[in-house]
Amino acid sequence: MPTPWMPLSGLSRCLALMVLAAGFLLGASVQADSPAEAAPTDAAAPLPTTPGDLSSLAQAGRFDQVLANLQSDAHLAAKAPAVASLVSDIRRYDQHRTLADAQRKEAYGKALDKMRSASSQDKLDEAIGQLLEAGTLADDRKAMLAEPDVVALVQKTTAAADAAVAGDDWLEALMLYRELEAVFEDRTTYHDQARNAERQVRLLRLYAPAKLQTMFQDRAKRLGNEKAESLTLGGETWEQTLDGVDMTKLRQALVRAARDHVTSPGFAPLVLGALDNMRAVAQASALADAFPNLADKDKVQRFDTGLDAIVERAKRQQAEMNFTDADRLFNQVSDLNNETITLPQKVVVYELADGMLSPLDEFSSVIWPREKEEFSRNTQGKFYGVGIQISRRDGQLLVVSPLEGTPAQRAGIKAGDVIATVNGESTTGWSLDRAVRTITGPEGTPVTLGIKRVGDKDLSEYKINRAEIVIESVKGWEHQPQGGWDYFIDGAQKIGYIRLSQFIPQSADDIDAAVNAMEKHGGVNALILDLRYNPGGLLTSAIDVADRFINSGVIVDTVGPNGERTGEARAKPHKTYPAFPVVVLVNEGSASASEIVSGALQAHDRATIIGMRTFGKGSVQDLYKLDGGNAYLKLTTQYYRLPNGQIIHRKPDAGTWGIEPDIAIKMTPKQLVDLIEFRQNLDVIRDTNVPTTQPAASASDMLEKGLDPQLEAALLVLKTHLVADQIAIARGNTVVPVQ
């Protein structure tokens, strides 16, 4: 049976590469817009007369009217002690908003000025980067894109990208086309060009990494960034990466994809996509160091001519092509290759598979034997290693933080340590993938980390036995001194805060544990569930999490290509939490399972959704075993549909997608970078025995300093709910239940 699964990222590796190299992303300003505006409104509007009306105003982001209502009764503070605190919080939020809005407008003007200056000097990357930043700050993005200076820049960048293609500078082409795609956000204008460039970069990365490295360094020099860190390309050869690739797995994947993909493509489109990919490989002369016959123009021409004939046969058979026809055509490609360019058989198979599936959608792929371990680690929520978070900085492997209660923490590994060697081998030039593969391993086996610590002259070696490491997908407000998390963002009013980073098998149980921990310390009156930057995970986990908040009805169902229902998940009451108020935080990085949970809670009126529109990944991937489980086919087979009938998946020509928040609050790129850095630093488990002159950061600083306006708004909504209940009790009214 296939296994329902959702990928942990909607971005391709090449797109991620582009984002890192370009040095931008992370969107927008403290500016609210549709569907609900958390902005000042008419102060003369009629004030609500019931606590229920007060809560409704907060759920709509009308905090100015909440404030006016609270201030209209001079005796409220005495009747409901939390009123004074809420009034203070709303005033602080308004001050933060006013300041941030002024900063946003100033930043918008500066970004456009920098764009014009960079464009005039033909610094296109810098100019497009400034345009992208301006787009996140603009009041009217469409009007901005219509400005003559912007139109001229787009034309100039398009010409430069086309010239990069003509010069076989595929990295430059990819960067520019992806930047242009991001400018327009419609996924169609530059889709074909970007996809072709991405394919060429993938080929270079796999078969000719040295050439891609040269392109990266040449590009860095052109951009005046000669100190740029080298591109990390992994430590494996293409032979190692393609280990276990064979025709048996390809044939099995072909049958499944033709029959079970959500578009019901049949065999012909898959075969034509595979043939197109083989043509691209044969014409990639940059791969000649790995495959010398690609430099032989006569052999390449003979292959190309023979491939033309195979393509024509495929087109003639298009209407009635079956598996036998498709397999025969693949065999003809293999025979043609052996007679001409003589690529290794597993290269032919790998590229046929990639070309076969890539036209279907960005989430369908073969998980080859070499990729199984990483895939399992991402979906099962556990692995065997030492328990550290690592990053690359200045060409070195750096320990971001040891994980609590793991062998690394017990051995004395600390945040900030540089991993100079692993098992005696220098880590210079290692990619993160290579580091993960080397440090992880079978349970109980040893690995020796050579640690260079600030202040120490000599390298210290730590021999650590690997153990099962359970991924911590649930985090709280801040670390407790004695270990574990404090889940209360407001301990006095018992408002909880849970961050969920991905949906893995134990996520729902871990949320239960967090709620139980809060219950032991006075109970939960309200809860913030933070799903920002949560890229998804397991469907079963998403259903289990949503089921904690919904006691009946449909959570999500699935539909086939013609809209027919193919499955359904319903809520069950036995594990449902009490009906305390809930806010869910989402943004553009919330995808897949995050969208199912937030969308289901929104459709059932169980939570207020705050943040920005989500990613729009609403397709179902099933896992099928290939060759007895030596590999898998991950195939898009259905779409998810929310209880309100909405399909959240973003198709290339879609105008709407994802989950629209009830209160939309943008954040500027600077705000997001500052917030992410602050939160990451706060989450680091530090050595309390090491003295420091720096004052200890506190999670409350995020609220006091206005670092997280989305979180501030969430807290205001929940505090208003609780104050409304107190007011109702003080006035002797019936409390309006929160749904």
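The structure displayed is predicted, hence computed values, not measured ones.
- No hydrogens or angles considered: nothing links the side chains of Q252 and D627 as a donor-acceptor pair under 3.5 Å.
- Side-chain contact annotation: T305 with Q301, donor-acceptor N/O pair under 3.5 Å present.
- Inter-residue side-chain proximity for D544 and L538 is flagged as unmet; no heavy-atom pair is nearer than 4.5 Å.
- The aromatic rings of F291 and Y207 stand perpendicular to each other, their planes meeting at an angle above 60°, with 30° marking the opposite boundary.
- Contact check on K346 versus D246 returns no salt bridge, with no Lys/Arg side-chain nitrogen under 4.0 Å from an Asp/Glu carboxylate oxygen.
- In terms of the ring-ring contact (aromatic ring centres under 6.0 Å, His included) criterion, H261 has no residue partners (sequence neighbours excluded).
- Applying the side-chain contact (heavy atoms from CB on, under 4.5 Å) test to S552 and every residue at least two apart in sequence or in another chain returns nothing.
- Using cut-offs of 30° and 60° for the angle between ring planes, the F375 and Y632 rings count as tilted.
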Show your reasoning for whether salt bridge (Lys or Arg N to Asp or Glu O under 4.0 Å) applies to D557 and R570. CA-CA 9 Å; D557 64 11; R570 301 185 68 86; over 6 Å; no

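- Shown here are the salt bridge (Lys or Arg N to Asp or Glu O under 4.0 Å) partners of D361, two or more places apart in sequence or in another chain: there are none.
- Every residue two or more places apart in sequence or in another chain that forms a ring-ring contact (aromatic ring centres under 6.0 Å, His included) with F549 is listed here: Y577.
- In summary, R219 and D125 engage in a salt bridge, as defined by a charged side-chain N under 4.0 Å from a carboxylate O.
- In this structure, the side chain to side chain donor-acceptor pair (under 3.5 Å) partners of R279, at least two apart in sequence or on a different chain, are D304, D308.
- Remark: T157 pairs with no residue by the side chain to side chain donor-acceptor pair (under 3.5 Å) rule, at least two apart or across chains.
- With sequence neighbours left out, D243 forms a salt bridge (Lys or Arg N to Asp or Glu O under 4.0 Å) with no residue at all.
- Scored by the salt bridge (Lys or Arg N to Asp or Glu O under 4.0 Å) test, R548 finds D509, D512 as partners (sequence neighbours excluded).
- Judged purely by distance below 3.5 Å, without hydrogens or angles, the side chains of S501 and S473 never pair a donor atom with an acceptor atom.
- Between the side chains of Y190 and T158, at least one donor-acceptor pair of N or O atoms lies under 3.5 Å.
- Stacking of K617 on the aromatic ring of F363 is recorded, both the 6.0 Å distance cut-off and the 45° axial limit being met.
- Scored by the side-chain contact (heavy atoms from CB on, under 4.5 Å) test, S334 finds N338, Q345 as partners (sequence neighbours excluded).
- Every residue two or more places apart in sequence or in another chain was checked for a side chain to side chain donor-acceptor pair (under 3.5 Å) with S598, and none qualifies.
- Applying the salt bridge (Lys or Arg N to Asp or Glu O under 4.0 Å) criterion to E351, with sequence neighbours excluded, gives R202.
- For N534 (side chain) and L500 (main-chain N/O), a donor-acceptor pair under 3.5 Å exists by modelled atom type.
- Note on E236 versus R370: salt bridge recorded, some NZ/NE/NH1/NH2 to OD/OE distance being below 4.0 Å.
- In this structure Y350 satisfies the side chain to side chain donor-acceptor pair (under 3.5 Å) test with no other residue, sequence neighbours excluded.
- Just one residue in the list E568, Q638, R565 forms a side chain to side chain contact (heavy atoms under 4.5 Å, CB included) with T558, and that residue is Q638.
- The only option from V262, T637, T636 that meets the side chain to side chain contact (heavy atoms under 4.5 Å, CB included) definition with S364 turns out to be T636.
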